[in-house]
Novice: 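Let me give you the structure first, and then I'll get to my questions.
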Amino acid sequence: MLPRPLRTLPPRAGFGLKPEHYADVLTAAEQGNPPAWAEVHPQNYFGAGGPPHRWLTAIAEHMPLSFHSVGLSLGSAAGADRDELEALAALCARYGPAMVSDHLSWSNGPEDKFPDLLPVPYSHAALDHFVAEVGRVQDRLGRTILIENPSRYLAYAGDDWSEVDFLHHLCRRSGCGLLLDINNIEVSAFNLGLDPGPWLVAIDPCLVGEIHVAGHAVKDDDIGGQIAIDDHGSAVRASCWELLAAFLDRAGPKPVLVEWDSDVPPYAMLMAEVAKADALQVAPADA
């Protein structure tokens, strides 16, 4: 099958596509009211065929797709997972997504794969490694990718850079862009005792190709404190909307994704969150 021409993600709000919503999305499209774009985890479509591909093929006829990978493990000592990269390249050839992204993280060890996106130290060695691996992935895919800032629960001692500076160096040296996850900033800030406002102000908007917002949980930990958990299992928090509005006011319209990956809500509830994100894209002069 020939790849579809690449489309561009519009500066609108999109949603994370889940099987629970396949039929609702196609119904909305047939009624002339499709969402602006959809994001999928490509690992869910690495099979050769079957119902997932039939649904995705039909939905892709109506809107651009963004592939948000969770399996390359770019920060692993052995580098990007080769099997995952080849499967991702094949899926990109099949669907021609408008955007491809992965994470500033690692999840593969010498013998195991871990069910989490683990953070990397912000060191010279880690930067050199990540630049090389992002370059290898971009060369294989024949496109620029985006890298997402992580949600962190602990920080490494002795980092050479702040997270923002590390991301800036990574983007400028590798040519990749940034997937700015505002919920992850809030989670990291809560857990590490940081202020998310200055973090966000320090980001260069020109590097940002996509933005994520989501909900998170705050739970009691085992030592009498609390911890923020990046579970994507609830509506976007008011504080996250406020940070998004402040960033868009400075950066201008961007593709914004509403993530809701666990306790998946009804389609109408998800679209109400998407509408909130879209409302923030309207410039004051257009309101």
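Numbers here are sequence positions counted from 1.
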Novice: Which residues satisfy the side-chain contact (heavy atoms from CB on, under 4.5 Å) test with Pro64, sequence neighbours excluded?
Specialist: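 side-chain contact (heavy atoms from CB on, under 4.5 Å) list for Pro64, sorted by chain: Arg7, Leu9, Pro10, Trp37, Ala98.
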Novice: Between Val25 and Met63, is any pair of side-chain heavy atoms under 4.5 Å apart?
Specialist: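 In contact.
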Novice: Just verifying a value: how many Å separate Asp102 CG and Ile147 CD1, rounded to the nearest 0.5 Å?
Specialist: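 Asp102 CG to Ile147 CD1: 6.0 Å, rounded to 0.5 Å.
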Novice: For the side chain of His21 and the backbone of Gly16, is there at least one donor-acceptor N/O pair under 3.5 Å apart?
Specialist: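 Side chain of His21 to backbone of Gly16, a donor-acceptor pair under 3.5 Å: no, none is there.
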Novice: Taking atom CZ of Phe130 and atom CG of Leu170, what is their separation to the nearest 0.5 Å?
Specialist: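 That separation rounds to 6.5 Å.
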Novice: Decide whether Trp260 and Ile211 are clustered together by the hydrophobic rule: side chain heavy atoms of Ile, Leu, Val, Met, Phe, Trp, Tyr closer than 4.5 Å, transitively.
Specialist: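 The answer is yes; both residues are in one hydrophobic cluster.
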Novice: Is Val264 linked to Leu270 within one hydrophobic cluster, defined over Ile, Leu, Val, Met, Phe, Trp and Tyr using a side-chain heavy-atom separation of less than 4.5 Å?
Specialist: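 Shared cluster, no.
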Novice: Any donor and acceptor pair, going by atom type alone, linking the side chain of Trp241 with main-chain N or O of Leu243 inside 3.5 Å?
Specialist: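 Looks like no, no N/O pair under 3.5 Å.
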Novice: Is there a side-chain contact (heavy atoms from CB on, under 4.5 Å) between Leu65 and Phe67? Walk through the geometry before answering.
Specialist: CA-CA 6 Å; Leu65 300 177; Phe67 282 178; 4.2 Å; yes
Novice: Side chains of Ser101 and Glu148: does their closest heavy-atom pair fall under 4.5 Å?
Specialist: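 They are not in contact (no side-chain heavy atoms under 4.5 Å apart), so the answer is no.
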Novice: Going by the rule side-chain contact (heavy atoms from CB on, under 4.5 Å), which residues pair with Arg82 if we only count those two or more places apart in sequence or in a different chain?
Specialist: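 side-chain contact (heavy atoms from CB on, under 4.5 Å) check on Arg82 returns Arg136.
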Novice: Linking I/L/V/M/F/W/Y whenever their side-chain heavy atoms sit closer than 4.5 Å, directly or via other members, would Val213 and Leu178 fall into one cluster?
Specialist: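 Yes, one cluster joins them.
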Novice: Which heavy-atom pair separates Val258 from Ala277 by the least distance, and what is that distance?
Specialist: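 Taking Val258 first and Ala277 second, the nearest heavy atoms are CG2-CB, 4.3 Å.
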Novice: Could you check whether any side-chain N or O of Arg250 sits under 3.5 Å from a backbone N or O of Val201, counting only pairs where one atom can act as donor and the other as acceptor?
Specialist: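 Checked: pair present.
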Novice: Would you check if the side chain of Ser234 reaches a backbone N or O of Gly215 as a donor-acceptor pair within less than 3.5 Å?
Specialist: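 Flag not set: sc Ser234 to bb Gly215 has no pair under 3.5 Å.
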Novice: Between CG of Leu257 and NZ of Lys254, what distance do you get to the nearest 0.5 Å?
Specialist: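 One gets 15.5 Å once the value is rounded to the nearest 0.5 Å.
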Novice: Restricting to non-hydrogen atoms, name the atom on Leu192 and the atom on Ala155 that form the minimum distance, rounded to 0.1 Å.
Specialist: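 Heavy-atom minimum between the residues: CD2-N, 3.8 Å.
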Novice: What I'd like to find out is whether the side chain of Leu26 reaches to under 4.5 Å of the side chain of Trp55, using heavy atoms alone.
Specialist: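 A side-chain contact exists here, since the closest heavy-atom pair is under 4.5 Å.
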Novice: Determine the minimum heavy-atom distance between Cys240 and Asn183, stating which atoms define it.
Specialist: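 Residues Cys240 and Asn183, closest heavy atoms: SG-N, 3.9 Å.
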Novice: Tell me whether Val137 is reachable from Leu127 by hopping between hydrophobic residues (I, L, V, M, F, W, Y) whose side-chain heavy atoms are closer than 4.5 Å.
Specialist: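 Leu127 clusters together with Val137.
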Novice: Measure across Asp160 and His124 and return the closest heavy-atom pair with its distance rounded to 0.1 Å.
Specialist: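 In terms of heavy atoms, the two residues are closest at OD2-N, 2.8 Å.
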Novice: With no hydrogens and no angle check, do the side chains of Glu84 and Ser73 hold a donor and an acceptor under 3.5 Å apart?
Specialist: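 Not at all, the side chains of Glu84 and Ser73 share no donor-acceptor pair under 3.5 Å.
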Novice: For residues Val274 and Gly14, report the shortest heavy-atom separation together with the two atoms involved.
Specialist: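 In terms of heavy atoms, the two residues are closest at CG2-O, 3.7 Å.
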Novice: Given the rule in the side-chain contact (heavy atoms from CB on, under 4.5 Å) test, do Leu104 and Asn149 qualify, once you have shown the distances and angles that lead to the verdict?
Specialist: CA-CA 6 Å; Leu104 186 65; Asn149 57 290; 5.9 Å; no
Novice: Please determine whether side-chain contact (heavy atoms from CB on, under 4.5 Å) holds for the pair Val40 and Leu56, giving the CA-CA distance in whole Å, both sets of side-chain angles, and the decisive distance to 0.1 Å.
Specialist: CA-CA 9 Å; Val40 301; Leu56 189 60; 4.0 Å; yes
Novice: Considering only heavy atoms from C-beta outward, does the side chain of Arg237 approach that of His216 to under 4.5 Å?
Specialist: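 Contact flag for Arg237/His216 side chains = yes.
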Novice: In the hydrophobic cluster built from side-chain contacts under 4.5 Å, what are the other members alongside Phe190?
Specialist: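 Phe190 shares its hydrophobic cluster with Val218.
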Novice: Kindly compute the distance separating NE2 (His53) from CG (Leu91), expressed to the nearest 0.5 Å.
Specialist: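 Reported value, rounded in 0.5 Å steps: 6.0 Å.
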Novice: Within the structure provided, determine whether Cys92 and Val100 are in side-chain contact (heavy-atom separation under 4.5 Å).
Specialist: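 Yes, close enough: below the 4.5 Å cut-off.
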Novice: Does any part of the side chain of Tyr22, heavy atoms only, come nearer than 4.5 Å to the side chain of Leu17, both counted from C-beta?
Specialist: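 They are in contact (side-chain heavy atoms under 4.5 Å apart), so the answer is yes.
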Novice: Between Asp128 and Arg173, is any pair of side-chain heavy atoms under 4.5 Å apart?
Specialist: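 They are in contact (side-chain heavy atoms under 4.5 Å apart), so the answer is yes.
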Novice: Under a 3.5 Å cutoff, is there a donor and acceptor pairing between the side chains of Thr144 and Gln138?
Specialist: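 No, because no side-chain N or O of Thr144 sits under 3.5 Å from a partner of the opposite role on Gln138.
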Novice: Roughly how far, to the nearest 0.5 Å, is CD1 of Ile145 from CZ of Arg140?
Specialist: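 Going from CZ on Arg140 over to CD1 on Ile145, the span is 13.5 Å.
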Novice: Run the side-chain contact (heavy atoms from CB on, under 4.5 Å) test on Leu146 and Leu180 for me, step by step, so that the C-alpha distance in whole Å, both residues' side-chain angles and the decisive distance to 0.1 Å come before the verdict.
Specialist: CA-CA 9 Å; Leu146 305 180; Leu180 178 63; over 6 Å; no
Novice: Once side-chain contact (heavy atoms from CB on, under 4.5 Å) is applied, do any residues pair with Pro119, and if so which ones, sequence neighbours excluded?
Specialist: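 With sequence neighbours excluded, Pro119 shows a side-chain contact (heavy atoms from CB on, under 4.5 Å) to Arg152, Tyr156, given in chain and number order.
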Novice: Would you call the rings of His68 and His212 parallel, tilted or perpendicular, taking 30° and 60° as the class edges?
Specialist: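 His68 vs His212 ring planes: perpendicular.
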Novice: Would you check if Val236 and Leu244 make a side-chain contact, meaning some heavy-atom pair closer than 4.5 Å?
Specialist: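 Side-chain contact under 4.5 Å: no.
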Novice: If hydrophobic clusters are built by linking Ile, Leu, Val, Met, Phe, Trp and Tyr wherever their side-chain heavy atoms come under 4.5 Å apart, do Ile185 and Trp161 end up in the same one?
Specialist: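 The answer is yes; both residues are in one hydrophobic cluster.
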Novice: Taking only residues two or more places apart in sequence or in another chain, which ones pass ring pair (Phe, Tyr, Trp, His ring centres under 6.0 Å) with Phe166?
Specialist: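 By the ring pair (Phe, Tyr, Trp, His ring centres under 6.0 Å) rule, Phe166 matches Tyr122.
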Novice: How long is the span from the NE2 atom in His129 to the CG atom in Leu74, to the nearest 0.5 Å?
Specialist: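 With rounding to 0.5 Å, NE2 (His129) is 7.5 Å from CG (Leu74).
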Novice: Which atom pair, heavy atoms only, marks the closest approach of Ser151 to Asp230?
Specialist: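 Reported closest heavy-atom pair: OG-OD2, 3.2 Å.
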Novice: Can you list the residues that meet the side-chain contact (heavy atoms from CB on, under 4.5 Å) rule with Arg54, with sequence neighbours excluded?
Specialist: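 If we apply the side-chain contact (heavy atoms from CB on, under 4.5 Å) test to Arg54, skipping adjacent residues, the hits are Pro51.
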Novice: Would you say the side-chain atoms of Glu133 pair up with the backbone N or O of Ala80, donor to acceptor, closer than 3.5 Å?
Specialist: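 Yes, the answer is positive, given that a donor and an acceptor are paired below the 3.5 Å cut-off.
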